[in-house]
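Only one structure is covered here, and it is reproduced in the block below.
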Amino acid sequence: MTDEASPDNKQPESTPPPAPTPKPAPASPAPAPQAQEEQVEKEPELPKLVVDVCATIGELKPYASESDTPAVEVAPADLVKSLTTLRDNPDFAFSMLMDHTAIDRIDDGQFELVYRLYSISTLSMLLVSTKIPRDNPVIPTVCEVWDIAEWQEREVYDLFGVLYDNHPDLRRVFLEDDWKGFPLRKDYEDDFMLTLDVDKLR
Amino acid sequence: MAVKVSTLDERIKLTDSADSPLDTQEYFINMGPQHPATHGVLRLMLKLDGETVREVIPVLGYIHRGIEKIGEHSTYRQFVHLTDRCDYLSAMMNNWAVSLMVEKALKVELNDRIEYIRTIMAELERIQSHMLWWGVLGMDLGAFTPFLYGFRDRELITDIFEETIGCRLTMNYIQPGGVMDDIHPNFVDRVKKVIEYAKPKIDEYEELLSGNVIIQERLRNVGVLSADKATSLGVTGPVLRASGVPLDLRRVAPYGVYDKVNFEVAVGSVGDCWDRYWVRIEEIRQSMSMIEQLIDNIPAGKTMLMKPAKKTVLPEGSHYAQLETARGILGIYAVSDGVSDKPVRIHMRSPNYNNVWSADEMTRDSRIGDLVANVSSIDIVVPDIDR
Amino acid sequence: MLDFLFGQLVATHATFDVVTLSDRTTQALAEDPWLAAGYALLGLAGVGGFLSLLGMALIYVERKVAAHFQCRLGPMRVGWHGMLQSVADAIKLLLKEDIIPDRADRVLFLIAPVFSIIATTLGLILIPMSPSLQVVDLNIGVIFISAVSSFGVLGILLAGWSSNNKWSLLGAMRAGAQFISYEISVTLSLLVVTLFAGSLQLSEIVQSQQDGWWIWRGHIVGLVAFFVFLIASTAELNRPPFDLPEAESELTGGFHTEYSGLRFSFFFLAEFINMFIASALAATLFLGGWMPFHIGGLHTFNGLMDLIPPGLWFAGKTTFIIFLIMWVRWTFPRLRVDQLMRLEWKFLLPVGFINLFAAATLVITKLYFFPW
Amino acid sequence: MDITLNPADLTHTIAFYTLALTSIVAALIVVTAKRIFRAAVALAVVLICGAGFYILLNYDFIAGVQLLVYVGGIVILIVFAVMLTSSLESIEEPPSLGRKALGLFSSLAFLATAVIAFSETKFPLSSISAEQPKDVAKAVGRKLLDYGAGGYVLPFEVISLLLLASVIGAIVVARNPKRKNEGSAT
């Protein structure tokens, strides 16, 4: 029975239950200390975690787009190295790869690959983003860093067709082996698809 | 480029002889997609050496419905309905995750009534999910009676849901901005009655299964998952906590009214099936105590703060919210362009998809019986794996 | 029938007149071959009818017992309290399509259930159900029963092999290994009673218990042998917690995965009749069979006990053991395959040998619980 | 009709011929079956018929032991070994000409020996013993444990040694480093 976050828990408990404490983000996904999280939401300046991470690891840059999680960008070539450092550095200790997925930025001709790291010791979350060209979607695998990456990457391969270099077992995970195309790409089409565009009808 | 794409046929190539002291040969055998122990249409390819499992290869996709693709063509409110169909045993918690994400992006402040109702509903659902799991675990280990006991008690909770919501399984009760409808006038009384009834039933569960020598033999030191391996494998929920990692979002990043209730996070030490069993039994008790603390204090207030008919457009950028379902952390990740009321990309970080792969790590070099115990102790719901 | 119920009342408890059906056949044979054939046919028809009726009754009882353990009612629709449910199921099974897998070994696939049912029938005819109700009374009854029960496992092995299905094969291998292992323990505990009674003939073993059943005349040794027999024969019956050959959550049905319709019902029937045989054997060997509850020397008490007909004694004891086996089934989870082997070879087998030695000592020293 | 048939003799005769016919057919299947598993099952039938003959001769105990040891033990072990070594589809190759000739020669030699032996021996005429030998088990037990003249304690112990040797042999054959030719695992 561990109760490690109980000091955090005491504080809200002291507030009388009838008066609801205004919670701008009832479930902040980055479970860093709450005060810091509110700053992230309101002020345009960079979260402390992003500043720290970028200072420690030279390859990382603050995320260009909007994100509600502290986010950084990295070039595909530096991906494995910087993620390994993020995992091993005791200040960050991102021991979990909470999620990995891709976004089809078809207008830019790019796939954005998103690695959502989670640290069990500091309880903070970091989004690491990297962009690869759509016509040659190859990226080194991070299977060596986290075991779960093997299967999260297989899912991305299956649905987006992102090829992972050095992946031990790169094959489709949901669809059949002989499936043509990658369904979550924006330009994916097959015979069974309803191509009705609801927006146009309006 | 060293990228090599393989197929299942290439994956299940056999070696000449097995790595064993006897002159034996390995063989592959299909467990599923229709198999009593895989709880749905999960297919496991087992590489066996006699009775010993050398490798477990999950083959997924038998109920892959492309929910993420459908999500790109539906509004957030429509997407809530799809999440019911994923982990149907934590249906309302899945709804809640989407609602959380939308509310956080739109900075909607909820009143306490909504938060109380949501928390109570989620905990009730967690109890019924764990009760079902308990029964199914018993059945997987060859004891049929727990299955009916678990279902008997779970029915009472689904009856409560039915009274308020009108549905028993796929509820889509929690909506962005509140809950679908106010609770039924009988709700409070019935919940109290059911908790009163179910508390001694948990002791009965323990009497029937926990103390049994065979159960102890079947679960203790079976499928051990160390804390490091568990974190690296990205498992969450009771499976992770059983390995000794006290990661429970209800405690470390409270949402709802979890910061107002007292509860303990059940944590195991060894990471074997027995710990996973124990953690879940303890979680039922904790959930009951949470509901008891909350049920009398539901404040008054409105139950829906966003107009359902209004178009919901999230601000540009990526949004993420996560919460603790009965099986682990469910994250909803949405990317919005700031113009359309539909996401550019919506992704579910489903707990089951990330948990199911640990079956291989747990089962290597143990028996078929252990595999069944391990899969059962992971507590998978297949629609959530395939999505 | 009257003879069966009240034959006991007429006889004093010291002299039982055991006339089996086969004895009658032999007697008739000397007089009239047609009468002999009649007796033989009667015996066959009786055993066949008894077999199916008993099977259906046991299936009904099992479902009801299971239901009440699980806080539900069980079959309630067909007949009064679902009494005819088994009949309905039997009709359904008879009418069902009999599927033979395409790549199965047809001949073996077809004869496997027959092996199972023959073994069961051969076992059943030896059980002394009352002084006058025993089809055959072989003088090597105990050996014969353990010999024919091995046909049953031959049927299971054939079924698993000929189905050409890996799950079936796994189930059959488990069944074979389990049967061979646990047969030793069963035989060891049978030998204990054989030593006590000084005979292999089942009717004589029953007679030998007229001063007290072996389960307490043999006090510790008898009890240990009884429990070893119960555990090991439950394992031979492939019933939970030892149902590994058909473990449905592991092997999807094990050796009978591919069977359907009538052939499946043969296995099903054989399983239930085997349960009856094992229970009846346990009752006969350890609880005195049809012998009423007697305490050596107390003639008045024994006379009172004799008022209850022996058929009822036998039925009561057997039912009790059947209930025990069902109780265990609906409470316990299943063992793992290596735990099953460990239980036999590291626990039951040493216990059985030590117990046999103790039994020999007991017989020599005559330290029975009722020494008079 | 003047033919007086002893009904007991009649049933015995019928039973004997039935058993004999069954065992001959089964024995033929044993040697001719292409699938080794079927041969094993036919062997079980032959052995069961053997037990039947013992029962006809009123030696119930021997019949029981025959069933217990041969059908319950040996045949099941053979079946087990077959299951472990070959698959359902595997069909025995027809033997080569040399093996055929050898088989023919040895069986002819055995037939000749048997015919000579049967014609030389004078069998006692009372084929069916009238009385039921009640304590065959006791007699057999005493013989087996008797070390004097007519006792069989030495062969009994030798047989147990043989069994031990075969158990060890089975383990050696099944061990991994020595991948011997198939079929030797029996």
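In what follows, every chain begins at residue 1, and chains take the letters A, B, ... in the order their sequences are listed.
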Open item on the list: Working to the nearest 0.5 angstrom, can you tell me the gap between R172(A) CZ and H64(B) NE2?
Closed with: 10.0 Å
Task: Contacting moiety of Y333(B), where chain A heavy atoms sit under 4.5 Å - done: side chain
Open item on the list: With rounding to the nearest 0.5 angstrom, report the CZ to CZ distance, R345(B) to F160(A).
Closed with: 3.5 Å
Task: Side chain, backbone, both or neither of R387(B) within contact of chain A (heavy atoms, under 4.5 Å) - done: side chain
Open item on the list: Looking at chain B, which one of L184(A), L175(A), L163(A), D178(A) has the largest number of heavy-atom pairs inside 4.5 Å, strictly under?
Closed with: L184(A)
- [ ] Under 4.5 Å heavy-atom distance to chain A, tell me which part of H319(B) shows up: side chain, backbone, both or neither.
- [x] both
Open item on the list: Taking side chain as everything from C-beta outward and backbone as N, CA, C, O, which of these in I63(B) sits under 4.5 Å from a heavy atom of chain A? Side chain, backbone, both or neither.
Closed with: neither
Task: Spatial distance of atom CD1 (I329(B)) from atom OH (Y118(A)) [nearest 0.5 Å] - done: 6.0 Å
- [ ] Please flag which part of E316(B) lies under 4.5 Å from any non-hydrogen atom of chain A: side chain, backbone, both or neither.
- [x] backbone
TODO: Could you grab the distance from atom CE of M101(B) to atom CG of D68(A), nearest 0.5 Å is fine?
DONE: 9.5 Å
TODO: Please look at V235(B) and chain A and tell me whether the side chain, the backbone, both or neither of the residue comes under 4.5 angstrom of a heavy atom of that chain.
DONE: backbone
Task: Those residues of residues 90-115 of chain A, ordered by number, that approach chain B below 4.5 Å (heavy atom to heavy atom) - done: S95(A), M96(A), M98(A), D99(A), H100(A), T101(A), A102(A), I103(A), R105(A), V114(A)
- [ ] Verify the neighbour count for atom NZ of K302(B): are there more than 12 heavy atoms of other residues, nucleotides or ligands below 6.0 Å?
- [x] no
Open item on the list: Strictly less than 4.5 Å between heavy atoms, which residues of residues 139-159 of chain A line up against chain B? Please order them by number.
Closed with: V145(A), W146(A), D147(A), I148(A), W151(A), Q152(A), R154(A), E155(A), Y157(A), L159(A)
Open item on the list: Does any backbone or side-chain atom of E72(B) lie under 4.5 Å from a heavy atom of chain A? Answer side chain, backbone, both or neither.
Closed with: side chain
Task: Residues of residues 78-89 of chain A near chain B, each having a heavy atom less than 4.5 Å away - done: none
- [ ] Could you tell me which residues in residues 226-234 of chain B have at least one non-hydrogen atom under 4.5 Å from a non-hydrogen atom of chain A, sorted by residue number?
- [x] K229(B), T231(B), S232(B), L233(B), G234(B)
Task: Exam field: side chain D386(B) to backbone F174(A), donor-acceptor pair closer than 3.5 Å - done: no
Task: Largest heavy-atom contact set with chain A, pairs under 4.5 Å, which of S269(B), P315(B), G66(B), G317(B) - done: G317(B)
Task: Heavy-atom side-chain proximity of Y353(B) to V173(A) below 4.5 angstrom - done: yes
TODO: Please state whether the side chain, the backbone, both or neither of I57(B) comes within less than 4.5 Å of a heavy atom of chain A.
DONE: side chain
